[in-house]
Amino acid sequence: MIAIEAGRVLTPFKEITPGVVIVEDGHIGAIGHPSQIPIPSNAEVIGAFDKTLAPGFVDTHTHGRDGHYFGETTETTLELCKSVVSTGVTSLLPTLSSLLPLQYSLEMILDTIRAVRQAQQYNEGAEILGIHMEGPFLSSADTARGSQLVSNMRRPSVEELNQMIEASDATIRKMTLAPELEGSLDVVRELARHGIVPCAGHSTARYEEVQTAIGAGLKCATHTFNGMMPFHHRQPGLLGAILTCDEISAELIADCQHVSPAAMDVLLRCKGTQGVHLITDNTKWAGLPNGTYKDGNREIVKKDQTACVKGGTLVGSVASMNYCVANMVKRVGRTASEAVSMASLNAASLIGFDDRKGSIEPGKDADLVIFDDEFQVHWTMVMGRVLYRCNN
């Protein structure tokens, strides 16, 4: 049994100042003001009197970090799950995509899925809740593909989708695709039938095409504003649909590089806090020192909170989830509770894990993060186990 005394607890439905959380057998036992929650005599007490305790972050779109991608091998995938807890992420969907500098056959795609599935059964870091497939059914248009490699894109196919689902043991939770491609609607319907969240991204879809896809089961938009046509008042496109359709939950990379604070504010004014969930979209350069890195035939320049193809486009993100949460508060003007909701509960709800994850409530998994006023992570707990402590 563990008792955590914090200067502030964000559930995130409410703020308790100060607050106490009791953890027992890997789950939340009780939460409240110190006057309401007696600390058992046999409990280990953790004091965080000048810090904030919040639910652990849930990242449903992350490709890798520390020089590796999820799915390279089972072993490296396990190491990434151990590493990412230092950023406050306690559960995630490893994201497999078309951006690797190789020409991937279907069998190679299935191998990466199997590697993540194998890791899911044994990992001892952030919990793998399933898989997010970003592709391979994406648009090759210049305005949509971003850093995705055209050579790795494939025509939408229900048959290939079902092979991916089988390889994952039915643990794929999200799939990003371009809804305007021939055959995509059939894939969207099949995803919905399997309880997988269909996401629109890397797409040149017209507004009307997105509306049709919503009718087929589309529920999410991948890294809103990025990999899609800019908004035009006569051709609102995918972005227009995201801003106006309550059925779509919007991913957001809040690194202030992919999207400006003003544009993030527009999105939140249209969608509300509940309609947006933060993602990192981290690539393998996250966590690495600044420098130039070889990636197949291209060079990637990593500097501070950005990674770009040399002389070209952004290549995913290298910003951590706690950094994105800080931006939502400091640069977009949202409350800490709102920012934490977008980094935890909203994503958990989208993929059907809000019964276990995303908030501090009795009976839920004890996935917790402690951070300071600068949103630097000092301590992370996954399923009642402290997996990270800051040495400072």
Side-chain angles (χ1 to χ4, degrees), residues 60-61 93 95 130-139 141 143-146 153 155-158 160-162 164-165 172-253 259 263-264 266-279 281 342 345-354:
T60 62
H61 187 156
L93 297 184
T95 300
I131 295 170
H132 171 204
M133 298 298 300
E134 188 179 13
F137 311 138
L138 307 175
S139 171
T143 53
R145 71 170 182 259
M153 297 176 185
R155 296 181 62 180
S157 165
V158 171
E160 290 190 359
L161 167 64
N162 281 316
M164 296 177 205
I165 294 171
I172 294 175
R173 300 297 176 193
K174 288 174 66 178
M175 174 177 265
T176 297
L177 75 168
E180 74 275 13
L181 299 180
E182 183 180 353
S184 277
L185 290 179
D186 289 335
V187 172
V188 169
R189 294 186 187 98
E190 188 71 1
L191 289 168
R193 189 176 73 83
H194 284 277
I196 300 169
V197 177
C199 308
H202 292 285
S203 165
T204 60
R206 293 179 291 109
Y207 183 87
E208 296 77 13
E209 290 172 321
V210 181
Q211 293 292 320
T212 301
I214 290 173
L218 186 72
K219 293 178 62 177
C220 179
T222 299
H223 42 51
T224 302
F225 295 105
N226 301 114
M228 60 188 68
M229 299 288 288
F231 180 83
H232 189 281
H233 59 285
R234 286 192 293 271
Q235 297 176 357
L238 173 56
L239 182 54
I242 297 168
L243 296 175
T244 59
C245 297
D246 293 340
E247 297 89 344
I248 296 179
S249 178
E251 286 188 358
L252 178 64
I253 308 171
V259 185
M264 288 191 256
V266 169
L267 179 66
L268 285 163
R269 287 171 185 261
C270 290
K271 304 294 293 181
T273 299
Q274 291 184 333
V276 177
H277 58 286
L278 302 185
I279 60 163
D281 197 14
M342 289 185 277
L345 183 60
N346 294 1
S349 298
L350 177 69
I351 61 173
F353 278 88
D354 52 320

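If you're wondering where the values come from, they're calculated on a predicted model, not measured in any experiment. The analysis underlying the following values was restricted to heavy atoms, covering all of them including side chains, and did not include hydrogens, waters or symmetry mates.
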Between the main-chain N or O of A200 and the side-chain N or O of T176, is there a donor-acceptor pair closer than 3.5 Å?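 Checking the backbone N and O of A200 against the side chain of T176, no donor-acceptor pair under 3.5 Å is found.
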
Check whether E209 reaches the backbone of R206 with its side chain - one donor and one acceptor, N or O, closer than 3.5 Å. yes

side-chain contact (heavy atoms from CB on, under 4.5 Å) for H202 and H223? Distances and angles first, verdict last. CA-CA 9 Å; H202 292 285; H223 42 51; 3.2 Å; yes

Taking C-beta and beyond as the side chain, do [X] and [Y] meet within less than 4.5 Å on heavy atoms?
{"X": "I248", "Y": "I214", "result": "yes"}
{"X": "M175", "Y": "E134", "result": "no"}
{"X": "H277", "Y": "L252", "result": "no"}
{"X": "L243", "Y": "L267", "result": "yes"}
{"X": "E190", "Y": "P156", "result": "no"}
{"X": "R173", "Y": "F353", "result": "yes"}
{"X": "T244", "Y": "Y207", "result": "yes"}
{"X": "E180", "Y": "L238", "result": "no"}

Supply the atom-to-atom distance [X] [atom1] to [Y] [atom2], rounded to the nearest 0.5 angstrom.
{"X": "C220", "Y": "I242", "atom1": "SG", "atom2": "CD1", "answer": "8.5 Å"}
{"X": "S184", "Y": "L218", "atom1": "OG", "atom2": "CG", "answer": "10.0 Å"}
{"X": "S203", "Y": "M228", "atom1": "OG", "atom2": "CE", "answer": "7.5 Å"}
{"X": "L239", "Y": "F225", "atom1": "CG", "atom2": "CZ", "answer": "5.5 Å"}
{"X": "L181", "Y": "L138", "atom1": "CG", "atom2": "CG", "answer": "8.0 Å"}
{"X": "T95", "Y": "I279", "atom1": "OG1", "atom2": "CD1", "answer": "7.5 Å"}

For the student: nearest non-hydrogen atoms of [X] and [Y], plus distance:
{"X": "P236", "Y": "F231", "answer": "CB-CE1, 3.6 Å"}
{"X": "E160", "Y": "F137", "answer": "OE1-CE2, 3.9 Å"}
{"X": "I196", "Y": "I172", "answer": "CG1-O, 3.2 Å"}

Identified side-chain contact (heavy atoms from CB on, under 4.5 Å) partner of K219 from the options V188, V197, L191: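 Option passing the side-chain contact (heavy atoms from CB on, under 4.5 Å) with K219: V197.
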
Test V259 against T224 for side-chain contact (heavy atoms from CB on, under 4.5 Å), laying out the working first. CA-CA 9 Å; V259 185; T224 302; over 6 Å; no

Are there more than 12 heavy atoms of other residues, nucleotides or ligands under 6.0 Å from atom CD of E208? yes

Please indicate whether K271 has more than 12 foreign heavy atoms, meaning atoms of other residues, nucleotides or ligands, lying under 6.0 Å from its NZ.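 Yes, the 6.0 Å shell around NZ holds more than 12 heavy atoms from other groups.
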
Regarding [X] and [Y], is there a side-chain donor-to-acceptor distance under 3.5 Å anywhere?
{"X": "E251", "Y": "H132", "value": "no"}
{"X": "K174", "Y": "T60", "value": "yes"}
{"X": "N346", "Y": "Q274", "value": "no"}
{"X": "H61", "Y": "T222", "value": "no"}
{"X": "N162", "Y": "H194", "value": "yes"}

Under the salt bridge (Lys or Arg N to Asp or Glu O under 4.0 Å) definition, can you give me all pairs with a residue in residues 222-248, not counting sequence neighbours? none

